[in-house]
Visitor: 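Below: one structure in C-alpha cells.
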Amino acid sequence: MITTTPDGRDWRLSAVCAEVDPEVFYPVDLRPDAPAVLVAKRVCAGCPVRTSCAVDVMAGEDPARRWGVTAGMTPQERTALYAATRTELGAVAA
Ligand code: SF4
C-alpha cells in the first residue's frame with residue numbers, strides 16, 4: 001500500500017531518508033536507545049512524511065522480516081505497535 005499526501009503526491013518523494021546514507025537506518029545495535037538508533041530516529045523526527053511512512057510500513061511490512069529503523073521506530077517498537085493495534089482491533093470487533 002502506498003498512501004499519498006493530501007495533494008495526491010507519492011509521499012516517498014518527500015522522504016528525508018532519500019537524502020541520507022541508507023546505512024544510517026540499519027544499525028547493528030537496534031536497542032531503542034542505542035546511539036546509532038537515535039541518529040536514525042532524529043532523521044525521521046524531522047521528516048514531513050513520517051505519518052504516511054508509518055502507515056505504509058505497518059500495513060505492508062512482513063512481521064517476520066522487520067529490520068532497521070523506519071518511521072522512527074525500531075523493529076521491536078514496530079512489533080509492539082503491531083501487537084497493540086491488533087489488540088485494539090480485537091477489542092472493537094468483540
Ligand atoms: S519517517 Fe524516516 S524512514 Fe520514513 S520516510 Fe521519513 S526519514 Fe524515511
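When a ligand or atom number is given, it counts from 1 through the structure's own listing order.
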Visitor: Answer yes if Leu38 and Trp67 sit in the same cluster of Ile, Leu, Val, Met, Phe, Trp and Tyr residues linked by side chain heavy atoms under 4.5 Å apart, and no otherwise.
Guide: no
Visitor: For ligand 1, which atoms sit closer than 4.0 Å to a heavy atom of Ala15?
Guide: 5 (S)
Visitor: Nearest protein heavy-atom contact for atom 3 (S) of ligand 1: which residue, which atom, what distance?
Guide: Ala71 N, 3.5 Å
Visitor: I need the nearest protein heavy-atom contact for atom 2 (Fe) of ligand 1: residue, atom name and distance, please.
Guide: Cys44 SG, 2.3 Å
Visitor: Report yes or no: do Met58 and Trp11 belong to one cluster of Ile/Leu/Val/Met/Phe/Trp/Tyr joined by side chain heavy-atom distances under 4.5 Å?
Guide: no
Visitor: Using the rule side chain to side chain contact (heavy atoms under 4.5 Å, CB included), only one of Arg31, Lys41, Arg66 pairs with Thr74; which is it?
Guide: Lys41
Visitor: For atom 6 (Fe) of ligand 1, what's the nearest protein heavy atom and its distance?
Guide: Cys47 SG, 2.3 Å
Visitor: From Cys53, does some N, O or S atom reach closer than 2.8 Å to atom 4 (Fe) of ligand 1?
Guide: yes
Visitor: Of all heavy-atom pairs between Gly68 and Arg78, which one has the smallest distance, and what is that distance?
Guide: O-NH1, 2.9 Å
Visitor: Under a 4.0 angstrom heavy-atom cut-off, which atoms of ligand 1 come close to Arg50?
Guide: 1 (S)
Visitor: Under the criterion side chain to side chain contact (heavy atoms under 4.5 Å, CB included), which of Cys53, Cys44, Pro75 is the partner of Thr70?
Guide: Cys53
Visitor: Pull out every atom of ligand 1 sitting under 4.0 Å from any heavy atom of Trp11, numbered as shown with elements.
Guide: 5 (S)
Visitor: How close does the nearest protein non-hydrogen atom get to atom 8 (Fe) of ligand 1, and which residue and atom is it?
Guide: Cys17 SG, 2.3 Å
Visitor: Minimum heavy-atom separation for Ala15 to Cys47, with atom names?
Guide: CA-SG, 4.2 Å
